[in-house]
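This report concerns only the one structure given below.
Reminder, nothing fancy here: chain letters follow the sequence lines and each chain counts from 1.
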Number of protein chains: 2
Amino acid sequence: MNDEPRWLTDREQRAWQAYRRMFLLLNAQLARDLSRDSGLSEPDYDVLSSLASSPDHRRRVSELAARMLWSRSRLSHHLGRMEQRGLVAREECATDGRGAVVTLTDEGQQTIEKAAPLHVESVRRYFVDLLTSEQIDVFAEIGEHVVDHLKRSGDSGRS
Amino acid sequence: MNDEPRWLTDREQRAWQAYRRMFLLLNAQLARDLSRDSGLSEPDYDVLSSLASSPDHRRRVSELAARMLWSRSRLSHHLGRMEQRGLVAREECATDGRGAVVTLTDEGQQTIEKAAPLHVESVRRYFVDLLTSEQIDVFAEIGEHVVDHLKRSGDSGRS
DNA sequence: GCGTACTAGGTGACATGTCAATCATCTGGT
DNA sequence: ACCAGATGATTGACATGTCACCTAGTACGC
C-alpha cells in the first residue's frame with residue numbers, strides 16, 4: 001500500500017501552484033478593496049450578503065452556518081463581532097428554546113447595499129472578466145465536482 | 001462612470017460561488033489531513049517545502065517571502081513560531097548587516113520528508129485526481145493569468 | 001413522565017494573519 | 001565624508017479561525 005509516492009507531474013504541479021497563488025493574491029486584493037471601499041472584511045460581506053438574500057432578512061444560526069459552509073463556532077464568534085458593530089442582531093427563536101435567529105439591522109442592510117456593487121466590480125476586475133465564458137463554465141464544473149466529493153467523503157467515511 | 005452595477009450573470013455567479021466553496025472545504029480538508037498525519041499546518045508545510053527546495057536548504061528571509069508571495073511580516077511571525085518548535089533556524093547574513101538567513105534544521109528536514117508524500121496523496125485525493133488532464137491545464141492557465149494580472153496591477157497603479 | 005442521547009448555540013484558549021510603527025543598516029548624490 | 005531616503009527584518013496590537021468543551025433545551029424509547 002505504501003509504495004513510491006505518486007508525486008505530482010509537472011502539469012499537475014503547475015495547476016496546483018497556480019491555484020494556491022491565485023487564491024493568495026486574489027483574496028488579499030479583494031479584502032483590501034472591500035475594506036477600503038466599505039469598511040468590511042470578506043467574512044463580514046459573506047454574512048451580510050447571505051442574510052440579505054434570506055427570507056425576511058432573518059435566518060436561524062445553524063441554517064446560516066450550513067449555507068455558508070462555516071462551522072457554528074466560527075459563525076458565532078463572527079456574529080458577536082458584527083453585533084457589536086450594529087450590523088446584525090440576535091433574537092431568541094420562538095419554536096426552539098435553544099435556538100437563535102440572526103437578523104440584518106437597518107445599518108447592516110444599508111451597508112451591504114452600498115458594498116455589493118463595488119465588490120462585484122472588484123470580482124469582475126480581478127477574476128470574472130479575465131476568463132472566457134468557456135473557462136467560466138469549466139471552473140464552475142471543477143469547483144462543484146470537488147465540493148461534492150468533499151461533502152460526500154466528509155459525510156460518510158474515509159475513502 | 002457609476003451607472004447600473006454589472007451584476008454577475010448566473011453562470012458567473014455559479015463559478016464564483018463554486019470557487020469560494022471549493023476553497024473553503026478543500027483547504028479545511030487538507031489542513032486537517034496535514035495536522036493529523038504530520039502535525040503541521042499548511043503554512044508550516046509551505047515554508048518547509050519552500051526551504052527544502054532552496055539551494056543548501058537556506059534562503060534570505062525576503063527572498064523566501066517573495067517566492068511564497070507572503071508579506072515579510074507574516075513570514076517573520078511564522079518563522080518565530082517554527083523556530084520555537086525547532087523546524088527552522090535563523091542566522092545573520094554575512095553580506096548585509098540588516099539581513100537574516102533562514103535554514104532548515106535536521107528535524108525540519110525529516111519532518112518535511114515524512115509529510116510530503118502524505119500531503120501529495122491528500123492533494124491528489126481531494127483535487128488533482130478529480131480533474132481530467134484538460135481541466136488541469138485550463139486551471140493552470142486561469143490561475144497564472146489571474147496571478148499575472150494581479151501582480152501587474154499591484155506593481156504599477158490602479159487599473 | 002423520565003432518563004439518556006442528541007442538538008443549538010456559545011465560550012475560552014490558542015494559532016494565525018494584518019497593519020502600522022520601529023530600528024538598524026545600506027545607498028546614492030553632493 | 002555625510003545626510004536623506006530606501007530597504008530588511010521584527011514587533012505589538014488587534015482581527016480572525018480552530019478546537020475542545022460547556023450549557024440549556026429537545027426528542028424519543030420505555
Side-chain angles (χ1 to χ4, degrees), chain A residues 20 23-36 39-47 58-85 87-103 154, chain B residues 20 23-36 39-47 58-85 87-103 154:
Chain A
R20 308 297 316 264
F23 181 82
L24 220 55
L25 292 189
L26 182 53
N27 203 51
Q29 183 66 54
L30 293 178
R32 263 193 305 278
D33 285 2
L34 206 42
S35 166
R36 169 172 49 78
L40 295 173
S41 68
E42 286 199 285
D44 292 339
Y45 184 91
D46 291 341
V47 169
R58 59 175 48 244
R59 187 79 82 176
R60 281 290 294 276
V61 171
S62 282
E63 229 181 315
L64 190 58
R67 278 185 170 256
M68 300 182 66
L69 305 183
W70 281 22
S71 72
R72 280 199 247 284
S73 170
R74 179 182 182 185
L75 183 55
S76 190
H77 279 298
H78 209 87
L79 289 178
R81 292 180 290 245
M82 295 181 73
E83 197 175 16
Q84 292 300 315
R85 296 195 279 146
L87 296 170
V88 301
R90 282 192 248 223
E91 298 173 10
E92 290 178 4
C93 176
T95 63
D96 186 337
R98 298 163 299 184
V101 174
V102 211
T103 69
Chain B
R20 308 295 317 263
F23 180 82
L24 219 56
L25 292 189
L26 182 53
N27 204 50
Q29 182 67 52
L30 292 178
R32 263 193 305 278
D33 285 2
L34 205 44
S35 166
R36 170 171 49 78
L40 296 172
S41 68
E42 287 199 285
D44 292 339
Y45 184 92
D46 291 341
V47 170
R58 59 174 49 241
R59 187 80 82 177
R60 283 289 296 275
V61 171
S62 281
E63 228 182 315
L64 190 57
R67 279 184 169 254
M68 300 182 66
L69 306 182
W70 281 22
S71 72
R72 278 201 252 287
S73 170
R74 178 183 183 185
L75 184 55
S76 189
H77 280 297
H78 209 87
L79 288 177
R81 293 180 290 244
M82 294 180 73
E83 197 175 15
Q84 292 300 315
R85 297 195 278 147
L87 295 170
V88 301
R90 282 193 249 223
E91 298 171 13
E92 290 177 4
C93 176
T95 64
D96 187 335
R98 298 163 299 182
V101 174
V102 213
T103 68

Suppose we screen for salt bridge (charged side-chain N to carboxylate O under 4.0 Å, His left out). Which residues come up paired with R98(A), at least two apart in sequence or across chains? D96(A)

Name every residue in residues 76-84 of chain A that has at least one heavy atom under 4.0 Å from any atom of DNA chain C, in order of residue number, or write none if there are no such residues. S76(A), H77(A)

All N/O donor-acceptor pairs, side-chain side in residues 39-47 of chain A, below 3.5 Å, sequence neighbours left out:
residue	atom	partner	partner atom	Å
S41(A)	OG	D44(A)	N	3.2
S41(A)	OG	D44(A)	OD1	3.3
S41(A)	OG	D44(A)	OD2	3.0
E42(A)	OE2	R20(B)	NH2	3.4
D44(A)	OD1	H78(A)	NE2	2.6
D44(A)	OD1	R85(A)	NH2	2.9
D44(A)	OD2	S41(A)	N	2.9
D44(A)	OD2	R85(A)	NH2	2.6

Any side-chain N or O of S62(B) below 4.0 angstrom from OP1/OP2 of dT7(D)?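 Indeed not, no polar side-chain atom of S62(B) lies that close.
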
Does R59(B) have any side chain to side chain donor-acceptor pair (under 3.5 Å) partners at least two apart in sequence or in another chain, and if so, which?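 S54(B), E63(B).
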
For a quick test of your reading: what N or O donor-acceptor pairs under 3.5 Å do the side chains of residues 65-75 of chain A make, sequence neighbours left out?
residue	atom	partner	partner atom	Å
S71(A)	OG	R74(A)	N	3.0
R72(A)	NH1	S62(A)	OG	2.8

Starting at atom CZ of R59(B), determine the distance to atom C1' of dA9(D), rounded to an integer number of angstrom.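 Distance check: R59(B) CZ to dA9(D) C1' gives 17 Å.
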
Contact interval (first through last nucleotide) of DNA chain C with protein chain B, 4.0 Å heavy-atom: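 So the contact region on DNA chain C extends dT16(C) to dC26(C).
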
Assuming nearest nucleotide by heavy-atom distance, tell me which of A28(A) and A100(A) is located more 5' along DNA chain C.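 Residue closer to the 5' terminus by nearest nucleotide: A100(A).
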
Which letters describe nucleotides 20-28 of chain D, given B = protein heavy atom under 4.0 Å from base, S = only from sugar-phosphate, - = neither? B---BBS--

Do the side-chain N and O atoms of Q84(A) and R81(A) include a donor-acceptor pair separated by under 3.5 angstrom?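 The answer is no; no qualifying pair exists.
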
Describe the nucleic acid contact of R90(B) in one word from base, sugar-phosphate, nothing, applying a heavy-atom distance below 4.0 Å.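 Result for R90(B) = sugar-phosphate.
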
Partner set under side chain to side chain contact (heavy atoms under 4.5 Å, CB included) for R90(B), not counting sequence neighbours: S76(B), L79(B), E83(B)

